[in-house]
Novice: 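Below you'll find the structure I mean.
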Amino acid sequence: MSDASAQRQAKSQAINLAAKLALFGQHWSPRVVAQMNDVQFKLVKMHGDFVWHSHEDTDEVFIVVKGRMEIGFRDHDVVLDEGEMCVIPRGVEHITRASEECHALIIEPAGVVNTGDAGGELTARNDVWI
């Protein structure tokens, strides 16, 4: 399905997150499932440790759909279980971790690079729709 086709399909209808998650297997590679104004809703599968990074220009939200994840900050950690969420303020350095596979919904402005200011081999292609 093309990105434009996926965008059109996502408007004004139910989006089944489990069905969307079944369409990809890569870890740390967010997929866009909807957009509201300039904000994208991205599904991601996590396993292991990501990279320390920050997003200077935006907050971001993680909502756990399945499993458990940890968000590490320099002075504390936040553990999220299914159905829980955390808002990470702009400019705050953090790392995401999951000891077992975890599925999450990320809410952030379109164009945000997943590795923020860190870059590196875990940087995913942006604006990939499913």
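For this chain, numbers begin at 1 and follow the sequence in order. Just so it is clear, the structure is predicted and the values come from calculations on it, not from any experiment.
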Novice: Quick one: does any side-chain atom of Asn16 pair with a main-chain N or O of Ala18 as donor and acceptor, under 3.5 Å?
Specialist: yes
Novice: Nearest 0.5 Å, please: how far is NE2 in His27 from NZ in Lys45?
Specialist: 7.0 Å
Novice: Do the non-hydrogen side-chain atoms of Glu108 and Lys42 ever get within less than 4.5 Å of each other?
Specialist: yes
Novice: State, with a plain yes or no, whether a side-chain heavy atom of Asp117 is found less than 4.5 Å away from one of Glu93.
Specialist: no
Novice: Can you tell me how far NZ of Lys20 sits from CD1 of Ile130, rounded to the nearest 0.5 angstrom?
Specialist: 6.0 Å
Novice: If you count heavy atoms of other groups shown closer than 6.0 angstrom to CD of Glu121, is the number above 12?
Specialist: no
Novice: Indicate yes or no: at least one non-hydrogen side-chain atom of Met46 is less than 4.5 angstrom from one of Phe62.
Specialist: yes
Novice: Got a sec, which residues hit ring pair (Phe, Tyr, Trp, His ring centres under 6.0 Å) with His103, two or more places apart in sequence or on another chain?
Specialist: none
Novice: Is there a side-chain contact between Phe73 and Ile88 in this structure, where contact means two heavy atoms from C-beta onward sitting under 4.5 Å apart?
Specialist: yes
Novice: What closest approach, in Å, do Val32 and Gln40 show between heavy atoms, and which atom pair accounts for it?
Specialist: CG2-OE1, 3.6 Å
Novice: Give the ring-plane orientation class for His53 versus His55, where under 30° counts as parallel, over 60° as perpendicular and anything between as tilted.
Specialist: perpendicular
Novice: Please check this pair: side chain of Asp59 against backbone of Val87, looking for a donor-acceptor N/O pair closer than 3.5 Å.
Specialist: no
Novice: For the hydrophobic clusters of this structure (ILVMFWY residues joined by side-chain heavy atoms under 4.5 Å, transitively), does one cluster hold both Val33 and Met85?
Specialist: yes
Novice: Go through Arg97 and Ser99 one step at a time and tell me if the side chain to side chain donor-acceptor pair (under 3.5 Å) criterion holds.
Specialist: CA-CA 7 Å; Arg97 304 180 178 108; Ser99 59; over 6 Å; no
Novice: Treat each ILVMFWY residue as a node, draw an edge where side-chain heavy atoms are under 4.5 Å apart, and state whether Ile15 and Ile106 are in one component.
Specialist: no
Novice: Hey, are the side chains of Val51 and Ile95 touching, using non-hydrogen atoms and a 4.5 Å cut-off?
Specialist: no
Novice: Any idea which heavy atoms bring Ser29 and Val44 closest together, and the distance?
Specialist: N-CG2, 4.0 Å
Novice: Once rounded to the nearest 0.5 Å, what's the spacing between atom CZ of Arg31 and atom CH2 of Trp129?
Specialist: 13.5 Å
Novice: Minimum heavy-atom separation for Leu43 to Leu21, with atom names?
Specialist: CD1-CG, 3.8 Å
Novice: Provide the closest heavy-atom pair for Gly72 versus Asp77 in the form atom of the first, atom of the second, distance.
Specialist: CA-OD1, 3.2 Å
Novice: Considering non-hydrogen atoms only, spot the tightest contact between Glu84 and Val79 and give its length.
Specialist: OE1-O, 3.8 Å
Novice: Find out if a path of hydrophobic residues (ILVMFWY) with successive side-chain heavy-atom gaps under 4.5 Å connects Leu105 to Val39.
Specialist: yes
Novice: How far does OG1 of Thr58 sit from CD1 of Ile107, to the nearest 0.5 angstrom?
Specialist: 11.5 Å
Novice: How about Asp81: does its CG atom have over 12 heavy atoms from other parts shown lying under 6.0 Å from it?
Specialist: yes
Novice: Report yes or no: do Val61 and Ile71 belong to one cluster of Ile/Leu/Val/Met/Phe/Trp/Tyr joined by side chain heavy-atom distances under 4.5 Å?
Specialist: no
Novice: Quick check: do Trp28 and Thr115 have side-chain heavy atoms less than 4.5 Å from each other?
Specialist: no
Novice: Return yes if some donor-acceptor pair links the side-chain N/O of Asn126 with the main-chain N/O of Gly111 below 3.5 Å, else return no.
Specialist: yes
Novice: Can you confirm whether Met69 sits close enough to Leu80 that some side-chain heavy atom of one is under 4.5 Å from a side-chain heavy atom of the other?
Specialist: yes
Novice: Side chains of Glu101 and Lys66: does their closest heavy-atom pair fall under 4.5 Å?
Specialist: no
Novice: What pair of heavy atoms forms the shortest contact from His94 to Val92, and how long is it?
Specialist: ND1-O, 2.9 Å
Novice: If hydrophobic clusters are built by linking Ile, Leu, Val, Met, Phe, Trp and Tyr wherever their side-chain heavy atoms come under 4.5 Å apart, do Ile63 and Phe24 end up in the same one?
Specialist: yes
Novice: Should the heavy atoms of other residues, nucleotides or ligands under 6.0 Å from CG of Asp57 be counted, would the total exceed 12?
Specialist: no
Novice: Which value, rounded to the nearest 0.5 Å, describes the distance between Thr96 atom OG1 and Glu60 atom CD?
Specialist: 8.0 Å
